[in-house]
Amino acid sequence: MNVAAKLTALAARLTGRAWAHETTEQLVAALDQQIERLTDERVPEHLAGAASLSSPAAYQPGLIDLRADAYDMAVYLDALTTAAVALGDADLADALVEAGESAHELVTRLAVAAHATIPAPAVPVADAA
């Protein structure tokens, strides 16, 4: 994003609006920059945090928090889908439906992962048959 675009984006944020990219190239560049920034900033932090986990139960708090974030994202996508349908934008609505379905699936998968942190009850050998 050039200096003029950055100033426009800043002005938009200050007035409660968000900057919208006008070309595919601008959007692709912004998405790529976002991933690069997050990779640089968050991957080392996440790796260090994960390295400190010492038992399956230690995963629970993080998984519970991630599930909450994923659920929030899923319901936000549902709201965006409703708005896109109301505006009559079928292509955007279809893309949002798919994203929402993936987000709801992620919520379920994170719940499964959280349940996997609970040790299975020991079954006495005599009762195993």
A.B. asks: Minimum heavy-atom separation for P61 and A57, please, with both atom names.
C.D. replies: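 For P61 versus A57, the nearest heavy atoms are CD-O, 3.7 Å.
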A.B. asks: In this structure, would L92 and M73 fall into the same cluster of hydrophobic residues linked by side-chain contacts under 4.5 Å?
C.D. replies: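 Yes, it is one cluster - the side chains of L92 and M73 are joined through contacts under 4.5 Å.
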A.B. asks: For A114 and Q60, which heavy atoms make the closest approach, and how far apart are they?
C.D. replies: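 Looks like O-CG, 4.3 Å.
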A.B. asks: Enter the distance from L106:CG to L110:CG here, rounded to the nearest 0.5 Å.
C.D. replies: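 Nearest 0.5 Å value for the CG-CG distance: 4.5 Å.
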A.B. asks: Could you grab the distance from atom CG of L66 to atom OH of Y59, nearest 0.5 Å is fine?
C.D. replies: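 Here the rounded value is 12.5 Å.
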A.B. asks: When you measure from the side chain of T82 to the backbone N and O of D78, does any donor-acceptor pair fall under 3.5 Å?
C.D. replies: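 Yes, the answer is positive, given that a donor and an acceptor are paired below the 3.5 Å cut-off.
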A.B. asks: Only one of L31, T39, D32 clears side chain to side chain contact (heavy atoms under 4.5 Å, CB included) with I35; which?
C.D. replies: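 The side chain to side chain contact (heavy atoms under 4.5 Å, CB included) with I35 is passed solely by T39 among L31, T39, D32.
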A.B. asks: Return the CG to NE2 distance between L63 and H115, rounded to the nearest 0.5 Å.
C.D. replies: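 Atom-to-atom, L63:CG and H115:NE2 are 11.0 Å apart.
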A.B. asks: Would you list the pairs meeting salt bridge (charged side-chain N to carboxylate O under 4.0 Å, His left out) in which at least one residue belongs to residues 98-111, sequence neighbours left out?
C.D. replies: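 Qualifying pairs, neighbours excluded: E105-R109.
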A.B. asks: Name all residues meeting the side chain to side chain contact (heavy atoms under 4.5 Å, CB included) criterion together with L80; count only those two or more places apart in sequence or in a different chain, and write none if there are none.
C.D. replies: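 L80: side chain to side chain contact (heavy atoms under 4.5 Å, CB included) contacts with Y76, L77, L96.
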A.B. asks: Which pair of heavy atoms, one from S52 and one from G49, lies closest together, and at what distance?
C.D. replies: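 Heavy atoms only, the tightest pair is OG-O, 2.7 Å.
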A.B. asks: Rounded at 0.5 Å granularity, tell me how far CZ in R67 sits from CG in D65.
C.D. replies: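 Reported value, rounded in 0.5 Å steps: 12.0 Å.
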